[in-house]
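Below, each value reflects all heavy atoms present in this structure, side chains not excepted, and no hydrogens, waters or symmetry copies. On a predicted model such as this, the values are computed, not experimentally measured, just so you know. We're numbering straight along the sequence, starting at 1. Whatever order the structure lists them in is the order used to number ligands and atoms, beginning at 1.
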Amino acid sequence: VTQAQPNAHPPTDVPAYSLPHRNARVLLMRRPVGIPQPADFAIAEADLPEPAPGQLVIRNIYLSVDPEQRGWALAEPNYSEPVALGSPMRALAVGVVIKSRAAAFAEGEFVYGWFDWQDYAAVDPAKVLMRARWGLPLADFAGLLGINGLTAYLALTQLGRPNAGDALLVSTAAGAVGSLVGQIGRILGCATLGLTGGDEKAELCLSRFGYNYAFNYKRQNVSEAIADAAPKGLNIFFDNTGGAILDAVLRQMATGGRVVQCGTASVAAWNPPPVGPRNEREVLTRRLVWSGFVIFDHQALFVRAAERLANWAIEGKLVSQSDIAAGMDQAPGAIASPYAGENTGKKLIYVG
Ligand SMILES: NC(=O)c1ccc[n+]([C@@H]2O[C@H](COP(=O)([O-])OP(=O)(O)OC[C@H]3O[C@@H](n4cnc5c(N)ncnc54)[C@H](OP(=O)(O)O)[C@@H]3O)[C@@H](O)[C@H]2O)c1
């Protein structure tokens, strides 16, 4: 894209937003021990940022809360550099361009990208992951069409390689990523089974996200439940938890099954490495393909994937659920919430 162009279909449900004279920011003040807690952050104000030549200034409206932020806050690099202490917490956000010195972006455009936990961000165009150019609620651009939806679609289709009739099991089945994996799997003809950590969430999986089966792993015997629901074994396990759930599910895989390792939400710490059963024999005898997925390897496919997701949503085949808190002061405690299983759907902070 080289020229400014209006959004083809502007987003709907754009909430009111003000233009404060100071930039409130959530700064990372110390390295968290375990899950980030409010005391690891401070909220401070700064002057309004000005765009350098080629840059744009975004007024954030929804800040994204993602389990991955836990890893970004630590001192050890994982697949990205650690957030520097004293700087705004790295985050995705949806906002509106209020100043543009970049030819490709017009003031008034709604965009999604790396704008961090703050009211305003001055960024290079490369920080924009996507324009909000489908007629869907603005919040969906941080969830359904953001990294959650993109991860669900790309990890499932690229690594899970679903065929009609496959039995697909999803962990964190009612979460932001999982709820979409289940729905996309169903659209692509799979029989869908969801694992989640509560009865209400299991009910939501059946009633709202269209799973054929849903189990509460805290109350039910996962192995028995899966064996009953998928007697020929699982063709795909889309795993967001790792740990004991993965250990149990590997023994339920059909020959030639695909395990997509998308998250490890159940593993509290990796140092020292957690100890569990040895599973290589299961991988070998069942001829499993066990693949790791990192969404940012697939950036070239984002717009095409979002187009597909948006069309399904507009046709009413895909529903999303957002869990929206209001106020910048909600951000510091928000990363802990998905790890406590408190969220249903995509966790966002409205800061307009
Ligand atoms: N690889 C990538 O590129 C990529 C991209 C996006 C997201 N992800 C991963 O995808 C996963 C889901 O992300 P999301 O944003 O959609 O979050 P989410 O599912 O909305 O929230 C996380 C969920 O994890 C579950 N959980 C928390 N602690 C657990 C535990 N000890 N054991 C089992 N489950 C636990 C909870 O669901 P239950 O109550 O149902 O257990 C919680 O609601 C995360 O692991 C995230 O890191 C990966």
TODO: Just go through Glu68, Gln321, Arg70 and tell me whose heavy atom is the nearest to atom 7 (C) of ligand 1.
DONE: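 The residue whose heavy atom sits nearest atom 7 (C) of ligand 1 is Glu68.
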Task: Nearest neighbour of atom 23 (C) of ligand 1 from the list Gly175, Pro338, Gly263, on a heavy-atom basis - done: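 Comparing heavy atoms across Gly175, Pro338, Gly263, the nearest one to atom 23 (C) of ligand 1 lies in Pro338.
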Considering only heavy atoms of [X], which atoms of ligand 1 have at least one such atom less than 4.0 Å away?
X: Thr196; value: 38 (P), 40 (O)
X: Gly341; value: 36 (C), 39 (O), 42 (C), 43 (O)
X: Gly197; value: 38 (P), 39 (O), 40 (O), 41 (O)
X: Val294; value: 3 (O)
X: Ile295; value: 2 (C), 3 (O)

Given that the side chain starts at C-beta and the backbone is N, CA, C, O, which of these parts of [X] lies under 4.0 Å from ligand 1, counting heavy atoms, or is it both or neither?
X: Thr151; result: side chain
X: Lys201; result: side chain
X: Ser266; result: both
X: Thr241; result: side chain

Open item on the list: To the closest 0.5 Å, what do you measure between CG (Leu204) and CD (Gln321)?
Closed with: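 Spacing of CG (Leu204) from CD (Gln321) equals 5.0 Å.
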Task: Distance in Å, Leu169 CG paired with Asp166 CG, rounded so as to fall on 0.5 Å steps - done: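 If we round to the nearest 0.5 Å, Leu169:CG and Asp166:CG are 12.5 Å apart.
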Got the closest protein heavy atom to [atom], with its distance?
atom: atom 35 (C) of ligand 1; result: Tyr217 OH, 3.8 Å
atom: atom 25 (C) of ligand 1; result: Thr172 CG2, 3.5 Å
atom: atom 16 (O) of ligand 1; result: Val177 N, 2.7 Å
atom: atom 45 (O) of ligand 1; result: Asn240 O, 3.3 Å
atom: atom 17 (O) of ligand 1; result: Pro67 CG, 3.5 Å
atom: atom 26 (N) of ligand 1; result: Ala265 CB, 4.0 Å
atom: atom 28 (N) of ligand 1; result: Tyr339 O, 3.3 Å
atom: atom 18 (P) of ligand 1; result: Asn343 ND2, 3.6 Å

- [ ] Could you tell me how the ring of Phe293 sits relative to the ring of His298: parallel (under 30°), tilted (30 to 60°) or perpendicular (over 60°)?
- [x]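 Parallel: the ring planes of Phe293 and His298 meet at under 30°.
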Task: Plane angle bin for Phe141 and Trp134 - parallel if under 30°, tilted between 30 and 60°, otherwise perpendicular - done: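 Trp134 vs Phe141 ring planes: parallel.
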Open item on the list: According to a hydrophobic-cluster definition based on side-chain heavy atoms being under 4.5 Å apart (Ile, Leu, Val, Met, Phe, Trp, Tyr only), do Leu206 and Leu195 belong together?
Closed with: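 Looking at the clustering, Leu195 is in a separate group from Leu206.
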Task: Geometric cation-pi criterion, Arg59 with Tyr17: 6.0 Å, 45° - done: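 So Arg59 doesn't make the cation-pi contact.
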- [ ] Before accepting this row, confirm whether a basic side-chain N of the pair Lys346/Asp323 lies closer than 4.0 Å to the acidic partner's carboxylate O.
- [x]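 No, this pair does not count.
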- [ ] Would you mind checking if Arg25 and Asp119 are paired as a salt bridge, meaning a charged N to carboxylate O distance below 4.0 Å?
- [x]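 Result for this pair is no, no salt bridge flagged.
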Open item on the list: On a heavy-atom basis, which atom in Ala334 and which in Lys347 lie closest, and how many Å separate them?
Closed with: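 Minimum heavy-atom separation between Ala334 and Lys347: CB-CE, 4.4 Å.
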Task: Minimum heavy-atom distance between Pro32 and Pro36, given as atom pair plus value - done: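 Heavy atoms only, the tightest pair is CB-CA, 3.7 Å.
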TODO: Return yes if some donor-acceptor pair links the side-chain N/O of Thr192 with the main-chain N/O of Asn212 below 3.5 Å, else return no.
DONE: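 Checking the backbone N and O of Asn212 against the side chain of Thr192, a donor-acceptor pair under 3.5 Å is found.
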- [ ] Check whether any heavy atom of Ala174 sits under 4.0 Å from an atom of ligand 1.
- [x]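 Contact check Ala174 vs ligand 1: negative.
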